[in-house]
S.K.: 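Quick one: this structure, given as structure tokens, is what I'll be asking you about.
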Amino acid sequence: MNWLIKDVKMLNDLGELKDVDVRIQDGMIAEVGSDLESDGEEEFAAEGLLISPGFVDLHIHLREPGGEEKETIETGTKAAAKGGFTTVASMPNTNPVPDNEEQMRWLMQRIEEKAHVNVLPYGAITAGLKGEELNDFEALKQAGAFAFTDDGVGIQSAGMMYEAMKKAAAIEMPIVAHCEDNSLIYGGAVHEGTFSKQSGIPGIPSICESVQIARDVLLAEAANCHYHVCHISTKESVRTVRDAKRAGIKVTAEVSPHHLLLCDEDIKGDDAHYKMNPPLRSKEDREALIEGLLDGTIDFIATDHAPHTAAEKARGMKAAPFGIVGLETAFPLLYTHFVKQGLCTLKQLIDWMSVAPSKTFNLKSGTLETGKPADITLIDLEKEQKIDPATFASKGKNTPFAGWSCQGWPVATFVSGKLTWAKGRDCE
């Protein structure tokens, strides 16, 4: 179906809002202008709504195969569409792991059958995510791998990471890293800081993350590899990435909404909805993350959407798995607490959630230019409502933000010109 989206507000290069109409034909943006008339397209009345390039989340967990009780490709991508995301990248910590050509091809076929948005699957760096044997990167790339990561575990051996980087660089593919030195975890469940001292729950020190980033940026320089840091969380990590960028090393980094909005002092007792990896850090770390995002040290925002069952999260901080969901709440949370509070502009937020991740990984998304795929999000910036996990499209309800009142909610999402989700409407 072709569409004519009428009377929307679009940000220009100066961050100013202008009224436009947008014509979608054959899955592409065909025209952006004023007072456009229908040429047989279905009209979508969008007066007063903001039109944005679809959000891009390069760090989510869809759990399929092997964890379908937590999430599936179908439910996770429905949640993505509801949150305004048109492209997501799925992590490989599934069972089985996409660490060979056969499994990657199965995954690509499953995505084709079930996904409601564009899904870019990561291939695993090592067999079974065990950090012991490198996979066939070329075969995985040919089968559809977007990039390579062992997300969920850090690569413990410097030699293994260096060989992986050289191998990835040879075929112009990025290495994406969950940075965690296992010898520095100390059985921790939260950050080693104020809350851990008060509660007696074992803490994970900041150096657990930052020492691996420091190691890896030097390896990336030697291997001439694009190295991307997942869910950066500490002030030392921000400083290391900033220094590496100044040295000309090809390093990029992402930050998750929860690390921008919360610190360990916000944890409400033994509540595993506040348990994620990396953990909520100190107030000083949170401030450093915001500063790093604003000055360009951190390139973009990614949710690390990590659904778990209610029973798993009911086990408490020590026994529950790490992770929270984030696809359906990311934009309203950040719009309310960053844009509305004057910490950043609306244009900056959209850049971090769409434009920057697309540019960082050379994707076709992140633009509203004519001739580009019609991956579009419509947002009601005035709409205010409380976050209610019972309404989530995701199977996962595990969020620390339940009950938070937020403004600025996505109301419709188009993927390649197809109306994939719209509040109160039937979709194709």
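Throughout, residue positions are numbered sequentially from 1 according to the sequence presented. FYI, side chains are in, hydrogens and waters are out, and symmetry mates aren't considered; it's all heavy atoms of this structure.
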S.K.: Report yes if some heavy atom in the side chain of I213 is under 4.5 Å from a heavy atom in the side chain of Y227; otherwise report no.
M.R.: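 Yes, at least one pair of side-chain atoms sits under 4.5 Å.
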
S.K.: Which pair of heavy atoms, one from I175 and one from C225, lies closest together, and at what distance?
M.R.: CG1-SG, 3.9 Å

S.K.: Tell me whether E209 contacts the main-chain N or O of S237 through its side chain, where contact means a donor paired with an acceptor under 3.5 Å.
M.R.: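 Side chain of E209 to backbone of S237: no pair is present.
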
S.K.: Can you list every pair that meets salt bridge (charged side-chain N to carboxylate O under 4.0 Å, His left out) and has a residue in residues 14-37, with sequence neighbours left out?
M.R.: K6-D21, K9-D19, R23-E31, R23-E41

S.K.: What pair of heavy atoms forms the shortest contact from G408 to I379, and how long is it?
M.R.: C-CG2, 4.0 Å

S.K.: Does T149 form a side chain to side chain donor-acceptor pair (under 3.5 Å) with H178? I'd like the steps, not just the answer.
M.R.: CA-CA 8 Å; T149 185; H178 171 114; over 6 Å; no

S.K.: Got a donor-acceptor contact below 3.5 angstrom from the D181 side chain to the I207 backbone?
M.R.: no

S.K.: Quick one: side-chain contact (heavy atoms from CB on, under 4.5 Å) partners of K166, sequence neighbours excluded?
M.R.: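 Here the qualifying residues are Y162, E163, A223.
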
S.K.: Taking all atoms of both residues into account, what is the closest heavy-atom pair of I73 and E64, and its distance?
M.R.: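 Here I73 and E64 meet closest at N-OE1, 2.8 Å.
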
S.K.: Check K82 with E328, please: is the shortest side-chain N to carboxylate O separation under 4.0 Å?
M.R.: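 Here E328 pairs with K82 in a salt bridge, since their nearest N and O are under 4.0 Å apart.
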
S.K.: Within the side chain of H61, is there an N or O that forms a donor-acceptor pair under 3.5 Å with the backbone of D304?
M.R.: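 A pair under 3.5 Å: no.
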
S.K.: Quick one: CG on L368 to OG on S354, what's the gap to the nearest 0.5 Å?
M.R.: 7.5 Å

S.K.: Measuring centre to centre across the rings, with the benzene-like ring taken for any Trp, is H228 within less than 6.0 Å of F300?
M.R.: yes

S.K.: Would you indicate whether the side-chain heavy atoms of K130 and D99 approach each other to under 4.5 Å?
M.R.: no

S.K.: Tell me if the centroids of the rings in F195 and Y274 come within less than 6.0 Å of each other.
M.R.: no

S.K.: Under 3.5 Å, is there a donor-acceptor pair between the side chain of Q407 and the main chain of K383?
M.R.: no

S.K.: Please check: side-chain N/O of E74 versus main-chain N/O of K114, any donor-acceptor pairing under 3.5 Å?
M.R.: no

S.K.: Does CD in E102 sit with more than 12 non-hydrogen atoms of other residues, nucleotides or ligands closer than 6.0 Å?
M.R.: no

S.K.: Would you say that W352 contacts L334 through its side chain, given a criterion of any heavy-atom pair below 4.5 Å between the two side chains?
M.R.: no

S.K.: For the residue pair H308 and H273, establish whether any side-chain heavy-atom pair is separated by less than 4.5 Å.
M.R.: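 Sidechains of H273 and H308: no contact.
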
S.K.: Does the plane of the ring in F137 sit parallel, tilted or perpendicular to the ring in F148? Use 30° and 60° as the thresholds.
M.R.: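 Ring orientation of F137 relative to F148: parallel.
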
S.K.: Do D375 side-chain atoms and V415 backbone N/O form a donor-acceptor pair below 3.5 Å?
M.R.: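 Judged by distance alone, no pair lies under 3.5 Å.
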
S.K.: Quick one: closest heavy-atom pair of K395 and E71, and the distance?
M.R.: N-OE1, 3.0 Å

S.K.: Can any side-chain N or O of D299 pair as donor or acceptor with the backbone N or O of E254 at less than 3.5 Å?
M.R.: no

S.K.: With a 4.5 Å heavy-atom cut-off, do D285 and C263 have their side chains touching?
M.R.: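 A side-chain contact is absent here, since even the closest heavy-atom pair is not under 4.5 Å.
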
S.K.: State whether D243 and R239 are salt-bridged, where the test is any N-O pair (Lys NZ or Arg NE/NH1/NH2 against Asp/Glu carboxylate O) under 4.0 Å.
M.R.: no

S.K.: Using a 4.5 Å cut-off on heavy atoms from C-beta on, say whether the side chain of V241 contacts that of I232.
M.R.: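 The answer is yes; the side chains approach within 4.5 Å.
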
S.K.: Kindly give the heavy-atom pair with the smallest separation between I204 and R281, and that separation in Å.
M.R.: O-NH1, 3.0 Å

S.K.: Could you walk me through whether H59 and D151 satisfy the side chain to side chain donor-acceptor pair (under 3.5 Å) test, starting with their C-alpha distance in whole Å, then the side-chain angles of each, then the deciding distance to 0.1 Å, before giving a yes or no?
M.R.: CA-CA 9 Å; H59 190 144; D151 183 64; 3.2 Å; yes

S.K.: Do NZ/NE/NH1/NH2 and the carboxylate oxygens of K70 and E312 come within less than 4.0 Å?
M.R.: yes

S.K.: Would I350 and L50 satisfy side chain to side chain contact (heavy atoms under 4.5 Å, CB included), going step by step from the backbone distance to the final call?
M.R.: CA-CA 11 Å; I350 290 174; L50 173 73; 3.8 Å; yes

S.K.: Side chains of S206 and S233, heavy atoms from C-beta outward: is any pair under 4.5 Å?
M.R.: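 No. Closest side-chain heavy atoms not under 4.5 Å.
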
S.K.: As a test of understanding, state which of R242, R246, E291 forms a side-chain hydrogen bond (donor to acceptor under 3.5 Å, both in side chains) with T297.
M.R.: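 It is R242; the other options fail the test.
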
S.K.: Does the side chain to side chain contact (heavy atoms under 4.5 Å, CB included) test come out yes or no for Q109 and R105, once each step is laid out?
M.R.: CA-CA 6 Å; Q109 181 61 37; R105 292 197 185 280; over 6 Å; no

S.K.: Do any N or O atoms from the side chain of Q156 and from the backbone of G154 form a donor-acceptor pair under 3.5 angstrom?
M.R.: yes

S.K.: Return the minimal non-hydrogen interatomic distance between A145 and M104, and the atom names on each side.
M.R.: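 Where A145 meets M104 most closely, the heavy atoms are CB-CE, 3.9 Å.
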
S.K.: Would you indicate whether the side-chain heavy atoms of M1 and L419 approach each other to under 4.5 Å?
M.R.: no

S.K.: If you measure from the Lys or Arg side-chain nitrogens to the Asp or Glu carboxylate oxygens, is any gap between D351 and K359 under 4.0 Å?
M.R.: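 A salt bridge is absent here (no side-chain N lies under 4.0 Å from a carboxylate O).
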
S.K.: Can you see whether S365 engages S358 through a side-chain donor-acceptor pair at a distance of less than 3.5 angstrom?
M.R.: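 Looking only at side-chain atoms, S358 and S365 do form a donor-acceptor pair, the distance falling under 3.5 Å.
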
